[in-house]
Amino acid sequence: RKAPPPYEWRDARQRSPVTELGEVLAASEDTAMKMKLVDHLERNGTSEALMLLDKCLQDPDPEIQVYALNAAERMLQNRG
């Protein structure tokens, strides 16, 4: 399955399962949108969301890498 087109990304944040958010993260070059999706994954708090945050550590944008790392650390701290 392909990621939704850019004009649908904002809606995808509200209605898509976590796996689709991962596809949008991989396809997007919009740093602000990626940060919003990382925030959404952090709030989601599931193991699947944590795995996607881990994938964000490979993002070409260093700002996203650090943002995702911080979100993952907060998620792990809140778990236990």
Considering all heavy atoms, the nearest [X]-[Y] contact:
| X | Y | answer |
| --- | --- | --- |
| Thr31 | Glu63 | CG2-OE1, 3.8 Å |
| Ala32 | Asp30 | N-OD1, 3.0 Å |
| Ala49 | Gly45 | CB-N, 4.3 Å |

* **ILVMFWY cluster, Val66 and Leu41 together (side-chain gap under 4.5 Å)** =>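 Each belongs to a different hydrophobic cluster.
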* Val38, Leu50: one ILVMFWY side-chain cluster at the under-4.5 Å cut-off? ->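 Hydrophobic grouping puts Val38 with Leu50.
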So how far is it from [X] [atom1] to [Y] [atom2], rounded to the nearest 0.5 Å?
| X | Y | atom1 | atom2 | answer |
| --- | --- | --- | --- | --- |
| Asp54 | Ser47 | CG | OG | 12.0 Å |
| Glu48 | Leu21 | CD | CG | 9.0 Å |
| Cys56 | Leu37 | SG | CG | 8.5 Å |
| Ile64 | Leu25 | CD1 | CG | 8.0 Å |
| Glu23 | Leu52 | CD | CG | 9.5 Å |
| Arg43 | Met75 | CZ | CE | 12.0 Å |

* To do: Determine whether the side chains of Tyr67 and Asp39 contain a donor N or O and an acceptor N or O closer than 3.5 Å.
  =>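 There is such a pair (donor and acceptor under 3.5 Å, judged by atom type) between the side chains of Tyr67 and Asp39.
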* To do: For Asn44 and Thr46, test the side chains for any donor-to-acceptor distance below 3.5 angstrom and give the result as yes or no.
  =>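 Result is yes, a qualifying pair exists.
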* Asked: So does Asp61 pair up with Lys34, basic N to acidic O under 4.0 Å?
  ->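 Lys34 and Asp61: not salt-bridged.
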